[in-house]
Amino acid sequence: MAEEVKTASPETGEGRNFIEAFIDADLAPGGRYAGMRVHTRFPPEPNGYLHIGHCKALTIDFGTAEKYGGLCNLRMDDTNPTKEDVEYVEAIQEDIRWLGFDWGDRFFYGSDYFEEDYRQAVGLIRKGLAYVCQLTPEEFREYRGSTGEPARSPWRDRPIEESLDLFARMRSGEFPDGAMTLRAKIDLASGNFNLRDPVLYRINHLPHHRHGDKWCIYPMYDFAHPIQDALEGITHSLCSLEFENHRPLYDWVVEHCDLPSRPRQIEFARLGIDHTVLSKRKLRAMVEGGQVSGWDDPRMPTLCGLRRRGYTPRSIRNFCERIGVAKAASVVEFGFLEHCLREDLNASARRVMAVVRPVKLIITNYPEGQRETVTVENNPLDAAAGTREVAFSRELWIEEEDFLPEKAPRYKRLYPGGPECRLKGAYLIRCTGFERDGDGRLTAVLCEYDPASRGGDPADGRKVKGATIHWVDAATAVDGEVRLYGNLFSDPAPDEAGKDFMACLNPDSLEIRRGCKLEASLKDAKTGDHFQFLRLGYFCPDSRDSAPGHLVFNRSVSLKDSYVKK
Ligand code: ATP
Ligand code: MG
């Protein structure tokens, strides 16, 4: 688990994470942003769906702004024309809204600042701080230098006028891809390679999804991002740790461009989760390769996948808040995410009965044709949830695994001559035998019930030695399909650098059970409902495939908590 880095805030004495400690200092009298409102942004690249890693960033970006009474912008980082797809822009908005974060009317596209990026670049050339470099990509690599050996470019000291002219012609489309770049003139000998005259603009004759053919030169992220932040009045540009080495360049751009404000970049550790991959590239590869059914496959760590699986916004936000904001990289157990979901659903989900591996139970001493209903609680943790009536009659469905043809060590459920067991909320029964078909397959378990134990408790107070088992009335049951999920990856660290993540996939991550027997009250279950299937876990109707008359339930999470607090 990530360890939260907290320092005490001198004013409030409250625990603060390291980002908040920086912000406190910035807002204090004499600080960088004294008297100003905290303003952050979340800048997803619209080249895929958001995953649980993005939720950490969202919680930090939106959450920090919220805590300080500030604002957070949503900005599509779409300056690279090679990968974007508008399909994702709306999906990203939908996912963020679902989590409950609000960007108000501050929705932007990074590409909307292209004209301003260009103007800033021209300004840098005029100041002698940028130049057009004509090294070929091969030469560029060759002249990069090494630690101790500076980079080189013969174009570095070309006249300002020449760079201005070439840059304008780059824009007008005169040169092919790769012919030249615009580079910042910073320090070819810097120990930080990001400062070795980094490329600010490259030629790319590709249409942009919002601007069509208007541009054939595109700004690099490191140049465009600080400009976007400054133009939007962002105070704190919070990002993940891989940008730490880029911060000196971020600061250089802020300092040398002609900008209306001076944002500050602060980095935090990326979230990693075991048994999964958190990279849009890898997730897309599985979608395209058919290893999963789509971005919203319930096994995917995407927000749409988790939502379809039955995750609630509250469980995900709780998870992100509790893993904390650390500067050191860490991998969190998937079990902890499940723990947060269980905690949320345990409090709110209605308890129902469903049988996923049905076998018939016949109560031989229950009068044929007789029917009744028994009263069961909807949620024992929530008295306000009330009770409901569940049909009961001579024939029921029970789980196959709740019966054995003969006694087995420590087995407390049904077997001929076994202990008295409780049918949840109904009656006490004893197994008396079973029936098989011609092929030796079990067709029914036989039992006798104690008519005086209605409700599930003996009239004489005797001790019930067997287990309590769940059941569904056969006469009123509805059929349904149930999908049980395991880890998408059997390897605990499929995301590790250098690993072939596809080879780490778990071939048994999906088990489909058809012909399951569900209590009649599930007939009208709809998307957004959550249930606890007694003894089996938490389930929700599948948002894509479930329909009245063809019910499909996803197991969101099992009941057993594998997460051990350390
Ligand atoms: P991916 O590798 O999945 O494509 P990315 O960083 O390229 O990730 P972006 O869309 O550029 O994805 O990310 C938007 C924001 O979310 C960035 O600020 C990024 O730092 C943050 N982010 C992405 N993945 C994680 C993660 N696993 N943990 C924390 N923050 C993340
Ligand atoms: Mg990215």
Side-chain angles (χ1 to χ4, degrees), residues 1-2 4 17 19 40-65 72-80 82-85 87-89 91-93 95-96 99 101 103 108-111 220-222 224-226 228-229 232 234 236-247 250 263-287 295 300-306 316-317 319-332 334 336-337 493-497 501:
M1 266 215 49
E4 207 167 334
N17 68 46
I19 293 177
T40 60
R41 87 288 168 266
F42 176 70
E45 212 175 332
N47 61 347
Y49 285 78
L50 298 183
H51 52 62
I52 182 79
H54 292 112
C55 294
K56 174 172 179 182
L58 279 162
T59 307
I60 294 176
D61 293 332
F62 280 93
T64 304
C72 181
N73 294 0
L74 175 59
R75 182 198 310 147
M76 295 298 142
D77 167 19
D78 64 345
T79 51
N80 180 348
T82 57
K83 302 183 275 188
E84 283 91 26
D85 191 328
E87 176 194 354
Y88 302 121
V89 171
I92 288 171
Q93 291 178 305
D95 286 347
I96 299 175
L99 275 181
F101 294 117
W103 56 88
F108 303 102
Y109 286 94
S111 64
M220 302 301 286
Y221 180 89
D222 282 343
H225 203 79
Q228 295 160 4
D229 284 344
E232 289 177 14
I234 302 306
H236 297 89
S237 186
L238 312 175
C239 63
S240 40
L241 215 52
E242 70 269 22
F243 294 103
E244 191 174 31
N245 282 330
H246 298 242
R247 189 185 340 127
Y250 185 100
R264 164 180 191 182
Q265 175 180 305
I266 303 173
E267 311 86 17
F268 55 83
R270 274 176 103 84
L271 169 65
I273 298 190
D274 65 4
H275 293 284
T276 193
V277 296
L278 294 182
S279 144
K280 281 176 288 186
R281 182 181 61 75
K282 293 176 185 170
L283 297 173
R284 188 191 305 106
M286 292 191 291
V287 172
W295 285 96
M300 289 280 269
T302 49
L303 275 184
C304 50
L306 292 169
I316 294 174
R317 287 184 65 163
F319 170 77
C320 289
E321 276 155 26
R322 285 157 72 178
I323 57 173
V325 182
K327 184 100 188 172
S330 62
V331 174
V332 178
F334 200 90
F336 185 57
L337 180 60
D495 220 356
E496 239 167 44
F501 69 98

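Counting starts at 1 for both ligands and their atoms, in listed order.
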Check each atom of ligand 1 against the heavy atoms of Glu45 and keep those under 4.0 Å away; list them by number with element. 7 (O), 9 (P), 10 (O), 11 (O)
One finds that the ligand 1 atoms under 4.0 Å from a non-hydrogen atom of Ala57 are 16 (O), 21 (C), 30 (N)
According to the interplanar angle, ranging from 0 to 90°, do the rings of Tyr88 and Trp295 count as parallel (below 30°), tilted (30 to 60°) or perpendicular (above 60°)? perpendicular
Is there a side chain to side chain contact (heavy atoms under 4.5 Å, CB included) between Leu50 and Leu58 once you walk through the steps? CA-CA 10 Å; Leu50 298 183; Leu58 279 162; 4.2 Å; yes
N/O of Lys56 under 3.5 Å from N/O of ligand 1, yes or no? no
Taking Val277 as the fixed residue, which of Met286, His51, Glu496, Met300 is the one that meets the side-chain contact (heavy atoms from CB on, under 4.5 Å) rule? Met286
Nearest heavy atom to atom 2 (O) of ligand 1 wins, so pick from His51, Arg41, Arg270. Arg270
Regarding Arg247 and Glu267, does a basic nitrogen lie under 4.0 Å from an acidic carboxylate oxygen? yes
Do any nitrogen or oxygen atoms of Lys280 lie less than 3.5 angstrom from nitrogen or oxygen atoms of ligand 1? yes
Would you compute the distance between atom CD1 of Ile323 and atom OG1 of Thr59 and round it to the nearest 0.5 angstrom? 7.5 Å
Nitrogen or oxygen of Leu271 less than 3.5 angstrom from that of ligand 1: yes
Counting each atom of ligand 1 from 1 as listed, which ones have a heavy atom of Ser279 under 4.0 Å away? 2 (O), 3 (O)
Closest to atom 29 (C) of ligand 1 (judged by heavy-atom distance), picking from Gly272, Gly53, Cys320: Gly53
For the residue pair Tyr221 and His225, does the interplanar ring angle fall in the parallel (under 30°), tilted (30 to 60°) or perpendicular (over 60°) class? parallel
My understanding is that only residues two or more places apart in sequence, or in another chain, count here; which of them pass side chain to side chain contact (heavy atoms under 4.5 Å, CB included) with Ala65? Thr40, Cys72
At less than 4.0 angstrom from any non-hydrogen atom of Phe42, what atoms of ligand 1 do you find? 15 (C), 16 (O)
